Number of protein chains: 2
Amino acid sequence: MLTIGSLGKKTGTKVQTIRYYEQIGLMPEPGRTEGGQRRYGDTEVDRLSFIRHSRQLGFPLEAIRELLDLSDNPDRSCHEADSIARRQLKQVELRMDRLKALRTELKRMIQECSGGNTADCKVLEVLRDHSECLTDHDGIGA
Amino acid sequence: MLTIGSLGKKTGTKVQTIRYYEQIGLMPEPGRTEGGQRRYGDTEVDRLSFIRHSRQLGFPLEAIRELLDLSDNPDRSCHEADSIARRQLKQVELRMDRLKALRTELKRMIQECSGGNTADCKVLEVLRDHSECLTDHDGIGA
DNA sequence: TGTAAATGTTCTAGTTGCTAGAGGTTCAAG
DNA sequence: CTTGAACCTCTAGCAACTAGAACATTTACA
């Protein structure tokens, strides 16, 4: 039986985060000691590992909730899990494309820095001049 | 003189977002009509364009605040702007590296999907098996 | 057995960068 | 002069946590 702290260490999760997952129903309410402290077993270690690994792959918590659901019903079709993963891959590729464009522009900006004073700073100039760039209005690499 | 709506259209910014920037002191308080509606001039168009363009390049609002500050003081050194940009480039490259790793793992996952039922779904299996991956504990492509 | 340190508890509020809605006012066109 | 679009303020919500206050429990060691 593990304390919340050791579970955290085992899975690379902060204690507060584990409690947060419990609060939003992603982790089950665990057993408690007489004094009211949480105690965890192997099932919980596995579940939390699954969650953390999925998070590291960028899956949003709602997608993880679906995946856990699929995982709990072994007779359902694999296609659903597959399509969730595909959706996630699309997201990742989209973000990569955006970041690539950003990197290019940032590099250009930096290369042109004269090192003088800000009055003729290329960095600020590029930032000011909106027209030069591919005006991707809902931009940001979110 | 522009209304907040036309300023928004000109710069690709939602009205609420402009008010939010004002609230956090990134945009100045503009003049008002007798009825209390905001009216903007060219200065504000420029400033907001600068902000939006910087956001599209992924700069956090705090960095933009610094950049605007530099921009307002033309006698200060360009190096500060340069180093902010460099910091930002580092962030972008870090995120790209992470996303690249994620993409690889996601692709592998998807390719191995058998299409059967979830009991032997590779996607779920990979997600369950934490050991296979480069355990990047504070991971996420944030 | 006593006690102190480490770890646990709940609750609330903050983070970033917006976005949405309620409920009301002003403005510009016809 | 009316109508309807666009404005106003204010509050709350989103994701996915993180941090802190104020207190309780557990564990290790003397």
Side-chain angles (χ1 to χ4, degrees), chain A residues 1-27 29-40 44 48 50-68 88 91 95 98 137-142, chain B residues 1-27 29-40 44 48 50-68 88 91 95 98 137-142:
Chain A
M1 282 302 174
L2 297 168
T3 65
I4 196 169
S6 2
L7 175 63
K9 246 163 229 162
K10 245 189 195 223
T11 58
T13 316
K14 296 211 171 139
V15 166
Q16 300 285 42
T17 306
I18 299 173
R19 289 200 274 250
Y20 169 72
Y21 288 161
E22 182 183 326
Q23 192 190 303
I24 62 169
L26 216 59
M27 287 293 286
E29 292 188 21
R32 302 267 185 156
T33 62
E34 285 196 12
Q37 298 196 353
R38 292 167 178 83
R39 287 300 122 97
Y40 296 93
E44 282 96 340
L48 186 51
F50 184 99
I51 295 171
R52 292 313 289 176
H53 193 188
S54 303
R55 285 294 298 131
Q56 280 162 25
L57 288 170
F59 289 91
L61 291 181
E62 275 321 296
I64 296 171
R65 211 188 281 277
E66 287 181 68
L67 288 166
L68 281 165
Q88 182 54 24
Q91 286 298 309
R95 272 187 271 168
R98 283 206 180 130
H137 265 180
D138 39 49
I140 239 65
Chain B
M1 282 301 174
L2 298 169
T3 63
I4 196 170
S6 4
L7 175 63
K9 246 163 228 161
K10 246 190 192 219
T11 57
T13 317
K14 297 213 170 139
V15 167
Q16 301 284 41
T17 306
I18 298 173
R19 289 200 275 249
Y20 168 72
Y21 287 161
E22 182 184 327
Q23 192 190 302
I24 62 168
L26 216 58
M27 286 294 286
E29 292 188 20
R32 302 265 184 157
T33 63
E34 285 197 12
Q37 298 196 354
R38 292 167 178 84
R39 287 300 120 99
Y40 296 93
E44 282 97 340
L48 186 52
F50 184 99
I51 295 172
R52 294 311 290 176
H53 194 186
S54 303
R55 286 293 298 133
Q56 279 162 27
L57 289 171
F59 289 92
L61 292 180
E62 275 321 297
I64 295 171
R65 210 188 282 276
E66 286 181 69
L67 288 166
L68 282 166
Q88 182 54 24
Q91 286 297 310
R95 274 188 270 168
R98 282 202 181 134
H137 264 179
D138 38 46
I140 242 64

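Sequence lines set the chain letters: A, B, ... in the order given, protein chains first and strands last, and positions in each chain run from 1. All values reported here derive from a predicted model rather than from experimental measurement.
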Over how many whole Å does the gap from [X] atom [atom1] to [N] atom [atom2] extend?
X: A:Gln23; N: D:dC17; atom1: CD; atom2: P; result: 13 Å
X: B:Glu22; N: C:dC18; atom1: CD; atom2: P; result: 15 Å
X: B:Arg38; N: C:dT26; atom1: CZ; atom2: C1'; result: 14 Å
X: A:Ile18; N: D:dA19; atom1: CD1; atom2: C1'; result: 16 Å
X: A:Gln16; N: D:dG20; atom1: CD; atom2: P; result: 10 Å
X: A:Arg39; N: C:dT9; atom1: CZ; atom2: P; result: 8 Å
X: B:Arg19; N: C:dA20; atom1: CZ; atom2: P; result: 13 Å
X: B:Lys9; N: D:dC7; atom1: NZ; atom2: P; result: 8 Å

(Q) Under a 4.0 Å threshold between the charged nitrogen and the carboxylate oxygen, would B:Glu22 count as salt-bridged to B:Arg38? (A) yes

Q) Pick the nucleotide of DNA chain D nearest each of B:Gly36 and A:Pro60; which residue has the one closer to the 5' end? A) B:Gly36

**Q.** Contact nearer the 5' end of DNA chain D, comparing A:Tyr20 with A:Glu34
**A.** A:Tyr20

Is [X] close enough to [N] that one of its side-chain N or O atoms is under 4.0 Å from OP1 or OP2 there?
X: A:Arg52; N: D:dC17; answer: yes
X: A:Tyr21; N: D:dA16; answer: no
X: A:Thr3; N: C:dT7; answer: no

Q: Report the distance from atom CZ of B:Arg39 to atom CZ of B:Arg32, rounding to the nearest 0.5 Å.
A: 10.5 Å

Q) Could you state the interatomic distance from CD1 (B:Ile18) to CD1 (B:Ile51), rounded to the nearest 0.5 Å? A) 9.5 Å

Which of these nucleotides, [options], is closest to any side-chain atom of [X]?
X: A:Thr17; options: D:dC17, C:dT9, C:dC27; answer: D:dC17
X: B:Thr33; options: C:dC27, D:dC8, C:dG8; answer: C:dC27
X: A:Ile4; options: C:dT10, C:dG8, D:dC8; answer: C:dG8
X: A:Arg55; options: D:dT26, C:dT26, D:dC17; answer: D:dC17

Q. If each of A:Tyr40 and B:Gly35 is mapped to the nucleotide of DNA chain C with the nearest heavy atom, which maps nearer the 5' terminus, i.e. the 5' end?
A. A:Tyr40

Q) Counting only N and O atoms by type, is there a donor-acceptor contact under 3.5 Å from the side chain of A:Thr11 to the main-chain atoms of A:Leu7? A) yes

Q | Expected output: side-chain B:Ser54 to main-chain B:Phe50 donor-acceptor under 3.5 Å | A | yes

